[in-house]
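Below: one structure, written as structure tokens.
Predicted model only: the values in this text are computed from it and were never measured.
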Amino acid sequence: MEEKGEENGVAAMKACYQKFDPAAYLQYNYTPPRADFTRNDSIVPWKLACLHRAFTEADVSGGLLVDIGAGPTLYQVLSGCEVFDKVILTDFLEVNRQELRRWLHNKGGCSLDWTPYLQHVCKLEGRRPSAWTEKAARLRQVVTDILPIDVHCSQPLAPDALPSGGADCLVSCFCLESVSPDLAAFTKALGHIRKLLRPGGHLMLIGALGESYYFGGPGVRIPVVPLSEAQVCASLKESGYTLIRLEVYTLTQDMRVGVDDVTGVFFAKARKD
């Protein structure tokens, strides 16, 4: 009976996402004030700094980085694409995969200009902001695929999607808590994606704290598992990860722009046991 309820909860979440609007979502979350690169206390610069530090630490290396549930965004692999030779982007929704392909194939029509993001990460790396064109070319070169994924499946990707040894690193941002009906499903999804990772490989996880909903488009209210720091740590441990570091950002009042009820954001760096 419990399993049936879980299936129904997951099915309801998937139904919510059929109305997801990538352009609106990007406008809500990836423009100022949340993406104000002149401010150190803006959410997006904080996330980019966490990712930059994690991807440039000596223990993170290998050939393959996989982004779990990329949505319509690219910021989460801008540092990682310099460390790994191959990047695979994944998402459940075809509309998001189309958005990513438009940028990747450089044909125009993208819903967001990623240039300020590329410039900012270049600055974090000690390069001139004008080097953003080189970073964009690097990202387009190393992204080899954009694949469908379902984190609620025991095998989230097609069987032949990854090398038999698994990925060297996973990055996942605002995905698992946003597609899970409850904490148990969130924890189970963490375990599912762990199967994609080689032993000793790393997970970079960013997510919302205290969030019960967000808008995925005009009038498209999507429920979220409201996580605490303790729950994030417990779920990682239960799913077979060793937590290396947890960092937390608390939203200032002007970052609460009415598109969700998030109170904070966490960044976790963990390793597969």
Side-chain angles (χ1 to χ4, degrees), residues 2-31 34-35 66-77 88-105 107-112 114 143 145-159 161 170-193 196 205-208 210-227 257-262 265:
E2 187 178 321
E3 194 171 308
K4 190 67 179 173
E6 185 180 305
E7 286 176 12
N8 290 341
V10 168
M13 288 299 304
K14 290 177 179 178
C16 276
Y17 275 92
Q18 297 315 305
K19 296 180 180 177
F20 186 86
D21 180 341
Y25 173 78
L26 290 167
Q27 182 64 35
Y28 295 159
N29 295 285
Y30 294 98
T31 60
R34 290 188 168 182
V66 179
D67 186 341
I68 305 294
T73 67
L74 290 162
Y75 71 91
Q76 61 275 20
V77 292
I88 294 176
L89 306 177
T90 72
D91 199 72
F92 179 71
L93 294 176
E94 174 60 20
V95 288
N96 285 337
R97 299 196 299 269
Q98 286 174 353
E99 179 71 31
L100 296 172
R101 284 188 207 106
R102 278 194 288 273
W103 185 88
L104 189 65
H105 298 145
K107 292 181 178 177
C110 293
S111 300
L112 188 73
W114 292 103
V143 173
D145 234 328
I146 300 172
L147 301 176
I149 191 169
D150 187 341
V151 298
H152 297 302
C153 289
S154 178
Q155 293 293 338
L157 290 173
L170 304 178
V171 60
S172 187
C173 300
F174 301 103
C175 171
L176 303 187
E177 76 279 11
S178 303
V179 301
S180 298
D182 52 37
L183 180 61
F186 168 81
T187 305
K188 192 172 281 189
L190 271 172
H192 290 162
I193 67 170
L196 305 175
L205 187 68
I206 290 180
E211 182 177 43
S212 67
Y213 76 90
Y214 78 97
F215 284 104
V220 183
R221 186 181 170 111
I222 297 177
V224 180
V225 180
L227 298 171
V257 293
V259 297
D260 52 42
D261 62 349
V262 63
V265 177

Using side-chain heavy atoms (C-beta onward) and a distance below 4.5 Å, is [X] in contact with [Y]?
X	Y	value
Val10	Val179	no
Ile193	Leu176	yes
Asp150	His192	no
Gln76	Ile206	no
Leu196	Pro156	yes
Ile68	Val151	yes
Tyr30	Pro72	no

Which residues satisfy the side-chain contact (heavy atoms from CB on, under 4.5 Å) test with [X], sequence neighbours excluded?
X	value
Ala35	Val44, Tyr117
Thr31	Gln27, Leu112
Arg221	Tyr213, Phe215
Tyr214	Tyr17, Phe20, Tyr25, Ser178, Glu211, Ile222, Val224, Asp260

Check [X] against [Y] and note the closest heavy-atom contact, atom names and distance.
X	Y	value
Gly217	Ala24	CA-CB, 3.9 Å
Arg97	Glu94	NH2-OE1, 2.8 Å
Ala70	Leu100	CB-CD1, 4.0 Å
Pro181	His152	CD-CE1, 4.5 Å

For Tyr28, all residues meeting ring-ring contact (aromatic ring centres under 6.0 Å, His included), sequence neighbours excluded: none
Spacing of [atom1] belonging to [X] relative to [atom2] belonging to [Y], to within rounding of 0.5 Å:
X	Y	atom1	atom2	value
Ser111	Asp21	OG	CG	7.5 Å
Phe92	Leu147	CZ	CG	14.5 Å
Thr73	Asn96	OG1	CG	8.5 Å
Ile146	Arg101	CD1	CZ	6.0 Å

Pairs where residues 178-189 contributes a residue and the test salt bridge (charged side-chain N to carboxylate O under 4.0 Å, His left out) is met, not counting sequence neighbours: Glu6-Lys188
Thr90 (side chain) donor-acceptor with Asp67 (main chain) under 3.5 angstrom: yes
Heavy-atom donor-acceptor pair, Glu99 side chain to Val95 backbone, under 3.5 Å: no
More than 12 heavy atoms from other groups under 6.0 Å of NZ on Lys19: no
Stepwise side-chain contact (heavy atoms from CB on, under 4.5 Å) check, Leu74 with Leu89: CA-CA 9 Å; Leu74 290 162; Leu89 306 177; 4.0 Å; yes
